[in-house]
Structure formats: C-alpha cells, structure tokens
2 protein chains.
Amino acid sequence: MNVGTLLFIPYRAMESEVMAALAAAGHGELTLAQARVFQRIAPGGSRPTDLADQAQVTKQTVGVLVDQLQRAGYVRRVPDPTDGRARLVVFTELGLEACVVANSRVEEIEALWAERLGPERMTALRDALTELRTLTDPYLDDPG
Amino acid sequence: MNVGTLLFIPYRAMESEVMAALAAAGHGELTLAQARVFQRIAPGGSRPTDLADQAQVTKQTVGVLVDQLQRAGYVRRVPDPTDGRARLVVFTELGLEACVVANSRVEEIEALWAERLGPERMTALRDALTELRTLTDPYLDDPG
DNA sequence: CAAGGTCGTCAGATTCTCTGACCAAATTGT
DNA sequence: ACAATTTGGTCAGAGAATCTGACGACCTTG
C-alpha cells in the first residue's frame, strides 16, 4: 500500500475522532472545514494568510470559514498591532473550550496509538514525520 | 505539533506532487477529488461502494466522480459477474496511462523520503503506519 | 515619496459533498 | 418457496466548500 494512503488513514481517523468528541461536547455545529482552520489558530491569534498557507487553501476560503466561526462565536477578529493591513483571528471563551475538548481527544488518541506501537516506535514515528516536513511542508519556507 | 497535522503535511505533499505529475503528463483535467477515487480502483476493478468506504465519502459522491472520470475517458463501468446489483469500475487504456504516471511519481517521492530518513527509518515509518491501520482504518472491518 | 508587494475582502462561479428517496438484486429467516 | 430485510447503485435536489479575479488599504523598498 502506498505511503500516501497509509498517511491518509490515520490522519482521517484522528480528524473523525476529534469531530466526534467536539460534537459530543456540544460543539456539533462545527464543520470539518471550519475545524481545519480552527485547529491552526495559534494561542495568541493567527493571520488569515498564515491559516491559509497551513491549511493549504486560499485566503478567500479561510475568510469564509472564519466568518462562519465568528458567527458561531468561536473566534473574533482583532486588528494586528504590528501591521495595519492585517487582522488576527483569536479564540473567544467558547473557542477555548472547544480547543480543550479537541486537544484532550488528540492526546487520548495519541496515547492509544503509543500503546499500540510502544513508546519508542511512536516517538520514531513522530520524529520521522517531523523530519519529512523539511521536504513536504510548504509553510516551512517563510514563516517566523 | 500534533500527530494529526504531522500526518497531514506529507500526505498533502504527496497528493500535490502526483497531481502536478499528472498535469505535466497531459492529464490536467483530472481534479483532486476525482484522483482520490481513481487511485483506489483495484487493478481488476472496484465497486463504487468499496471506493466510497476507502475514500471515506458517500457512494453518491463516488457516483458523481466516477461519472466524471468516465466522461473524461479514464474508467468504464462493467457489470459485476458475481453480483447482479453491482457494477465494477475498471480502468480504460487512458486510465492505465494515468496510473503509470501517478505510480511512478509516488515511487519517486517515496525514494526521496527514504533518502532523507534512511532505509531503516523509512521502513519503520511504513510499518508503524500499517500497524495503525488496525486502529484507524474503517475499511479494514469487513472487506474481502 | 513613488513603485511594487502583501493583507484582507467582495463578488461570482464552479466543484464537491451530503441527505433522502427509490428500484433491483441478493440474503435471511420462516 | 417466499416474504422481509439488507445491500448496491442511481436520481434529484440542496447545501457546503473552494476557487479565480478584482479591489482598496497598508507596508516595504529604492
């Protein structure tokens, strides 16, 4: 089986688990597309352009999804003090709650995987994927 | 960085590279959504239902995408001799050509990754991902 | 300070994907 | 053997996600 597909399967499983956990915690209105932007927001806020680069969609798409997240109360847009053109997407209280739910589930899944593989192989997996970023992460090129 | 995201990055990179190779080889009309179904067609043909399970979309979506692939000349639908309800999606000549292009590029990328990680770690990566399928692959549950 | 680049948004169109309903064929249970 | 249920595929319609192109506001460079 090709490695692309082997990457897809656990990636998608992780996504599904987190979406299910969010829905179970009352965040069922969050869509997968919204979550793919939401999960990339930095603790101190992120620019739409950065979110677009990381999620690998256009900034227009991010704009639409951030609109939705804002209307649903998960994020706010604030001016970027360092750049008059830019705005920062930041979490609201509700957004932080969703974050906690999502991150907890991620940790649980990772623990499950580590249990399956053993700690050494899990670490090796993480390290290998991290190293591949130098070849595969388009966002690695210029961000701070 | 969470493992889900670490999986996403190379997964997406592989996809992009293959799509670019296909476009360069004259298969630029293939869309990403079509390719995600196309790549899962078995050499002897696949049922739409199986493709849907593997690609993790509904069978209706697969139906639409197979229609498009068929109109573009990449696949054909033939009756499944073992089940009167079912039809098999099979490659045409053109489809096989695209397959060769895609698979060659996949091999090149995998070689590049193996070069980066070294053969042992690349094998370990593949083995770990394969083992995670027992926890993460919904398609593993029932298929023949 | 002029020229060019970047950030975000608006507008419009296309593509993708889903839910619900349906028929035909296979499978199951009686 | 046959009714009931399940499974495979399609049709129809709606909704969501995504893209391209154009634009004004602001930053950066020379």
Side-chain angles (χ1 to χ4, degrees), chain A residues 12 15-16 19 23 28-42 45-72 75-90 139 141-144, chain B residues 8 12 15-16 19 23 28-42 45-72 75-90 138-139 141-144:
Chain A
R12 203 64 163 67
E15 255 187 1
S16 303
M19 291 308 290
E29 55 185 351
L30 274 171
T31 69
L32 187 52
Q34 288 164 17
R36 284 173 179 162
V37 167
F38 184 78
Q39 71 171 340
R40 291 176 162 90
I41 300 172
S46 294
R47 293 188 184 179
T49 295
D50 284 339
L51 296 175
D53 289 344
Q54 290 178 54
Q56 301 190 34
V57 295
T58 62
K59 56 185 180 175
Q60 290 92 328
T61 296
V62 167
V64 170
L65 296 170
V66 168
D67 282 347
Q68 297 170 4
L69 287 167
Q70 188 162 20
R71 246 179 285 125
V75 303
R76 239 173 33 240
R77 281 187 244 235
V78 302
D80 184 339
T82 73
D83 188 331
R85 296 165 299 181
R87 310 175 72 177
L88 288 175
V89 182
V90 300
Y139 182 67
D141 289 343
D142 63 274
Chain B
F8 168 77
R12 204 60 163 67
E15 256 188 2
S16 303
M19 291 308 289
E29 56 185 351
L30 275 172
T31 68
L32 188 52
Q34 288 164 17
R36 284 174 179 162
V37 168
F38 184 78
Q39 72 170 335
R40 292 176 163 91
I41 300 171
S46 294
R47 293 188 185 178
T49 294
D50 285 339
L51 297 175
D53 289 344
Q54 290 178 56
Q56 302 191 34
V57 294
T58 62
K59 56 185 180 176
Q60 290 92 327
T61 297
V62 167
V64 169
L65 296 170
V66 168
D67 282 347
Q68 296 171 3
L69 287 166
Q70 187 162 21
R71 248 179 281 124
V75 304
R76 239 174 31 242
R77 282 188 243 234
V78 303
D80 183 337
T82 73
D83 188 331
R85 296 165 301 179
R87 309 175 72 176
L88 289 175
V89 181
V90 299
Y139 183 68
D141 289 343
D142 63 274

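Below, chains carry the letters A, B, ... as their sequence lines are ordered, and counting in each starts from 1. None of the values given here were measured: they were computed from a predicted structure.
Axis orientation changes by 30° from one end of the helix from dC1(C)-dG30(D) to dT15(C)-dA16(D) to the other, with each end axis drawn from 5 pairs and the value rounded to 10°.
Atoms CD (Q56(B)) and P (dC18(C)) sit 10 Å apart, rounded to a whole Å. For R47(B) and dA26(C), the CZ to P distance is 10 Å, given to the nearest whole Å. Remark: P of dC19(D) and CE of M19(B) are 13 Å apart, rounded to the nearest angstrom. In this structure, L51(B) places its CG atom 11 Å from P of dT10(D), rounding to the nearest Å. Rounded to an integer number of Å, the gap from L88(A) CG to dT6(C) P is 19 Å.
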Query raised in the report: What is the per-nucleotide protein-contact pattern of nucleotides 10-16 of chain C, from the 5' end, where B denotes a base atom under 4.0 Å from a protein heavy atom, S denotes such proximity for sugar-phosphate atoms only, and - denotes neither?
Result: B-----S
Requested in this report: Mark up nucleotides 23-30 of chain D, 5' to 3', with B wherever a protein heavy atom is under 4.0 angstrom from a base atom, S wherever such an atom reaches only the sugar-phosphate, and - elsewhere.
Outcome: --BBS---
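R40(A) forms a cation-pi arrangement with F8(B), by the criterion of a distance under 6.0 Å to the ring centre and an angle within 45° of the ring axis.
The shortest non-hydrogen separation linking L32(A) to M19(A) is N-CE, 3.6 Å. Shown here for L51(A) and S46(A), the closest heavy-atom pair between the two residues is CD2-CB, 3.7 Å. Among all heavy-atom pairs drawn from Q56(B) and R12(A), the shortest one is OE1-CG, 3.2 Å.
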Got a list of side-chain donor-acceptor pairs under 3.5 Å for residues 81-88 of chain A, not counting sequence neighbours?
| unit_1 | atom_1 | unit_2 | atom_2 | d |
| --- | --- | --- | --- | --- |
| T82(A) | OG1 | D80(A) | OD1 | 2.8 |
| D83(A) | OD1 | R85(A) | N | 2.9 |
| D83(A) | OD1 | R85(A) | NE | 3.2 |
| D83(A) | OD2 | R85(A) | NH2 | 2.9 |

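Residues satisfying the side-chain hydrogen bond (donor to acceptor under 3.5 Å, both in side chains) test with T58(A), not counting sequence neighbours, are T61(A). R77(B) pairs by the salt bridge (Lys or Arg N to Asp or Glu O under 4.0 Å) definition with D67(B), not counting sequence neighbours.
Between T49(B) and dG9(D) there is a side-chain N or O to OP1 or OP2 distance below 4.0 Å. Between R77(A) and the phosphate of dG8(C), there is no side-chain N or O to OP1/OP2 separation shorter than 4.0 Å. Side-chain N/O atoms of T58(B) include one lying less than 4.0 angstrom from OP1 or OP2 on dC18(C).
Here the CD-CD distance, from Q68(B) to E29(B), works out to 10.5 Å after rounding to the nearest 0.5 Å.
Using a 4.5 Å heavy-atom threshold, the side chains of R36(B) and E15(B) count as touching. Here the side chains of Y139(A) and D50(A) are in contact, with some heavy-atom distance below 4.5 Å.
The side chain to side chain contact (heavy atoms under 4.5 Å, CB included) test with V89(A) singles out one residue from V66(A), V37(A), V78(A), and that residue is V66(A).
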